[in-house]
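Since the structure comes first, as structure tokens, the remarks are kept for the end.
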Amino acid sequence: MTHRARVLMIQGTASHAGKSTVVAALCRVFARDGLRVAPFKAQNISLNAAVTPGGGEIGVAQAVQARAAGIEPAVEMNPVLVKPAPAGRTQVVVLGRAAPSPPPRPALWRAIARSLDTLRARCDLVIAEGAGSPAEVNLRRSDVANMRVARYADAPVLLVGDIDRGGVFASLVGTMALLDRTERALVRGFVINKFRGDPAGLRPGLRDLEARTRRPVLGVIPYAPAWQVPEEDGVALDRGRSRDDAPRLDIAVVQLPYISNFDEFDGLEQEPGVRVRYVRPGQRLGRPDLVILPGSKSTVADLDVLRRSGLADALRGALSEHTPVLGICGGYQMLGRRIDDPHGVESPRRSVEGLGWLPIVTTFGRAKRTARVRVRLAAALPHRGGLLGAWPPLEVPGYEIRMGRSSAAGPAWVRIVERAGRRCDEPGGAASPDGLICGTVVHGLLADPAVREALLERLRVRRGRG
């Protein structure tokens with residue numbers, strides 16, 4: 001008889017209720033108890049992605065949950081990843097690879113079911129995560145991420161509600177009311193998340209909730225922002241993410257419509273004395289110590305917004321005042337001289353002028369490159385001006401998720417020395433002649449503590465705050 005692990009499913013009353021964090025915590029708890037446990041999310045809609053050892057793309061939350069479980073991430077943990085693009089288009093990543101066109105829903109469900117079966121055959125327990133809310137009545141027939149997964153796996157469901165946003169009792173009762181009878185039978189209890197204050201004051205509400213729904217409240221989790229896993233949705237950035245009331249360094253991240261992989265700045269946000277703020281079109285850039293142009297799912301569309309909104313002019317003004325700029329992947333491509341798109345991958349325009357601040361030309365191809373890499377910083381630099389003085393000769397991990405190939409003139413401050421476990425030696429970034437502007441195709445460098453420490457120390461010295 002084929003081994004089939006049990007599945008426990010965590011659903012929520014809404015996005016950002018804390019499902020991902022609860023799944024990560026349970027993965028860690030059960031792994032510490034000696035079980036082989038794996039996370040699973042059938043379908044993710046996110047521009048934040050991680051790369052598996054085999055080079056596949058999955059949602060970044062599932063990669064973090066796998067780490068909590070003490071295992072390597074695998075494409076089966078997030079078989080369908082949907083990446084929004086301009087003009088109502090989407091890129092659908094199935095089992096780690098971008099599909100040339102969105103597959104039909106039956107094909108997506110087959111990939112989901114087979115992935116869950118694979119994990120159940122490998123593990124003792126699978127912790128599945130829902131998406132959004134299971135009670136979106138307009139989406140019920142097409143929803144493959146919530147109750148359809150629970151029914152397929154005969155999984156008990158814990159329903160998570162966010163009390164910090166208010167209305168948690170109404171949202172839990174309302175969700176139960178909108179589920180059908182078979183779906184309600186799968187819900188075994190509730191978890192109240194992000195609670196502040198005295199638990200005694202909550203007890204009357206918990207008793208009323210249990211009486212109305214005939215389901216127990218199985219736990220109340222205190223508000224602890226440091227516990228959260230990386231955000232999947234750029235909407236979360238609107239809340240503001242500074243953790244320091246009196247920051248000494250101000251880092252501005254340009255938040256364009258298709259910003260991607262912004263989880264790589266989470267480490268900066270945790271650093272004492274640092275404020276990371278996200279600047280959207282129409283907002284003032286101010287006078288930061290560093291500007292970061294992050295990755296983008298749709299580089300050409302975001303470059304257009306950068307220009308139309310006036311943020312490109314604001315960046316030019318910041319550079320005139322010697323503010324350093326760091327571009328990552330799509331942001332790096334925007335900083336170059338030109339973006340060529342001969343196959344119309346992103347835009348009907350076959351060539352678009354970049355900002356012209358770095359000596360690179362990017363060409364989009366039909367195939368996406370996704371790989372884990374190791375890079376060497378500060379290799380053979382002719383001078384140490386601008387940001388270049390920040391980088392000690394380190395070798396650190398990162399990852400690539402990109403459509404474009406960027407050819408750069410001059411020495412590279414980043415060199416890729418290993419890709420997917422194989423040694424190589426190729427440029428991974430470029431810098432301006434004065435070193436004030438640096439860019440790289442590699443994501444994740446700022447996740448390394450030594451890289452962050454070196455960068456922040458350089459910024460403090462530049463501002464006379466060392």
Side-chain angles (χ1 to χ4, degrees), residues 5-46 48-53 57-79 81 115-116 119-120 122-132 145-146 149-150 153 155-164 189-195 218-233 236 241 243 261-267 269-270 399 444 447:
R6 291 299 306 272
V7 178
L8 172 64
M9 190 162 199
I10 309 301
Q11 297 184 12
T13 57
S15 296
H16 309 300
K19 300 183 293 293
S20 297
T21 302
V22 172
V23 170
L26 290 175
C27 283
R28 176 60 61 86
V29 168
F30 287 117
R32 284 179 171 173
D33 285 344
L35 294 179
R36 296 174 300 164
V37 59
F40 176 78
K41 185 166 185 174
Q43 177 177 287
N44 225 331
I45 301 177
S46 177
N48 273 356
V51 178
T52 68
E57 283 185 81
I58 64 171
V60 67
Q62 281 64 64
V64 172
Q65 291 160 355
R67 192 187 317 157
I71 58 177
E72 287 281 8
V75 295
E76 290 85 4
M77 295 173 185
N78 177 209
L81 174 62
S115 295
L116 183 54
L119 293 177
R120 295 180 74 182
R122 293 175 183 168
C123 300
D124 301 314
L125 177 66
V126 175
I127 311 293
E129 178 183 343
N146 289 293
V149 171
V157 174
L158 302 185
L159 191 60
V160 178
D162 178 0
I163 195 171
D164 190 53
F190 305 123
V191 176
I192 306 291
N193 195 22
K194 307 179 191 177
F195 176 68
L218 299 174
V220 177
I221 301 175
Y223 181 79
W227 292 358
Q228 69 184 19
V229 300
E231 297 284 3
E232 295 175 333
D233 191 341
R241 308 179 77 187
R243 303 191 189 282
N261 297 78
F262 52 82
D263 59 292
E264 60 189 314
F265 311 126
D266 288 354
E269 294 173 16
Q270 301 294 334
Y399 61 96

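Side-chain atoms of E264 come within 3.5 Å of backbone atoms of G444 as a donor-acceptor pair (strictly under, hydrogens ignored). In this structure, the side chain of K19 does not engage the main chain of T13 through any donor-acceptor pair within 3.5 Å. In this structure a side-chain-to-backbone donor-acceptor pair under 3.5 Å is missing from N78 to Q62. Side chain of R36 to main chain of R122: a donor-acceptor pair is present (N/O by atom type, distance under 3.5 Å, no hydrogens or angles). Between the side chain of E72 and the main chain of T52, no donor-acceptor pair closer than 3.5 Å is present. Side-chain N or O atoms of D124 include none that pairs as donor or acceptor with a backbone N or O of V37 at under 3.5 Å. Of the possible polar contacts, none joining the N48 side chain to the G59 backbone as a donor-acceptor pair under 3.5 Å is found.
Checking each of I221, L159, V220 against V191 for a side-chain contact (heavy atoms from CB on, under 4.5 Å) leaves exactly one that passes, namely I221.
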Is there a side chain to side chain contact (heavy atoms under 4.5 Å, CB included) between I71 and M77 once you walk through the steps? CA-CA 11 Å; I71 58 177; M77 295 173 185; 3.4 Å; yes

Begin from the C-alpha positions of F40 and V7 and carry the test side chain to side chain contact (heavy atoms under 4.5 Å, CB included) through to its verdict. CA-CA 9 Å; F40 176 78; V7 178; over 6 Å; no

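Every residue meeting the side-chain hydrogen bond (donor to acceptor under 3.5 Å, both in side chains) condition with D162, not counting sequence neighbours, appears here in chain and number order: R165, K194.
For A38 against C123, the heavy-atom pair with the smallest separation is CB-SG, 3.6 Å.
Using a 4.5 Å heavy-atom cutoff, the side chains of Q65 and E129 are in contact.
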